[in-house]
Structure formats: structure tokens, C-alpha cells
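Below is one structure, written out as C-alpha cells, with a few remarks after it.
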Amino acid sequence: MPKYYEDKEEDTRACAGIREDFKACLLQHDCVVKEGKLPSECLKEGHCKALQTSFFECKRSMVEIQRKERLLRNRLMQPCGRVNAG
């Protein structure tokens, strides 16, 4: 297990593992450590791109799941197509 997982509370949020790997990649990158740049600046330069993409895809999949659940819930709550006798 990577050292940054030791003595740490477990993160139960979605995509927690990828989030930690992405964060560690940025904070341990030469761009931040040696050059003293901000992690956001290093991202703009394209560092840790694979983990950034993986994290984005994970978060997007969570949004898609929520969207599908909301659509299903809305369909189930709609009244049946009853004809109003009047």
C-alpha cells in the first residue's frame, strides 16, 4: 500500500482512490517540488494527465448514474395515462 494511505482516515467519497493518486502525483511532481509552482500551474502544463483524465472519467460516470436515477424516478412518479371522463 502506498505510504500516503498509512495512518489516514478512509475516504468513502466516490473516486477516492483515484483522487488520492492524482493528488499525490501532483504534490510529488518535480514541477511542484523543485520548481516551486502551484499544482494548478503544473496541471496546465500537462503533468499527471493520465490520472487527471481517469479522475474526470470517474466523476463523470457518477454524474451519469445520478442522472439516470433521477430520470427513472421521474418516470415512476408520473401518473398513468388516464382518460378524464367529463
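The distance from the CD atom of Q28 to the CG atom of D30 is 10.5 Å, given to the nearest 0.5 Å. If you take CZ on F55 and NZ on K23, they are separated by 11.0 Å, rounding to the nearest 0.5 Å. Once rounded to the nearest 0.5 Å, the distance linking CZ of F22 with SG of C58 reads 12.5 Å. L26 CG to L43 CG: the interatomic distance, rounded to the nearest 0.5 Å, is 4.5 Å. Remark: L71 CG to E69 CD distance equals 10.5 Å, nearest 0.5 Å.
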Next on the checklist: Does L38 form a side-chain contact (heavy atoms from CB on, under 4.5 Å) with V32? I'd like the steps, not just the answer.
Outcome noted: CA-CA 6 Å; L38 293 173; V32 173; over 6 Å; no
Next on the checklist: Under the criterion side-chain contact (heavy atoms from CB on, under 4.5 Å), I'd like the reasoning laid out for K59 against V63: C-alpha separation, chi angles, the key distance, then a yes or no.
Outcome noted: CA-CA 6 Å; K59 295 297 281 186; V63 170; 5.8 Å; no
Next on the checklist: Using the rule given for side-chain contact (heavy atoms from CB on, under 4.5 Å), can you reason through K37 versus E45, listing the C-alpha separation, both sets of side-chain angles and the distance that settles it, and then say yes or no?
Outcome noted: CA-CA 11 Å; K37 294 181 181 179; E45 294 175 6; 2.5 Å; yes
Next on the checklist: Applying side-chain contact (heavy atoms from CB on, under 4.5 Å) to C42 and H29, what does each step give before you reach the verdict?
Outcome noted: CA-CA 9 Å; C42 296; H29 201 280; 5.6 Å; no
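For E57 and R60, the salt-bridge test passes: some basic side-chain N is under 4.0 Å from an acidic carboxylate O.
Here R75 pairs with nothing under the salt bridge (charged side-chain N to carboxylate O under 4.0 Å, His left out) rule; sequence neighbours left out.
In this structure, L27 and V33 approach most closely via the heavy-atom pair O-CG2, 3.4 Å.
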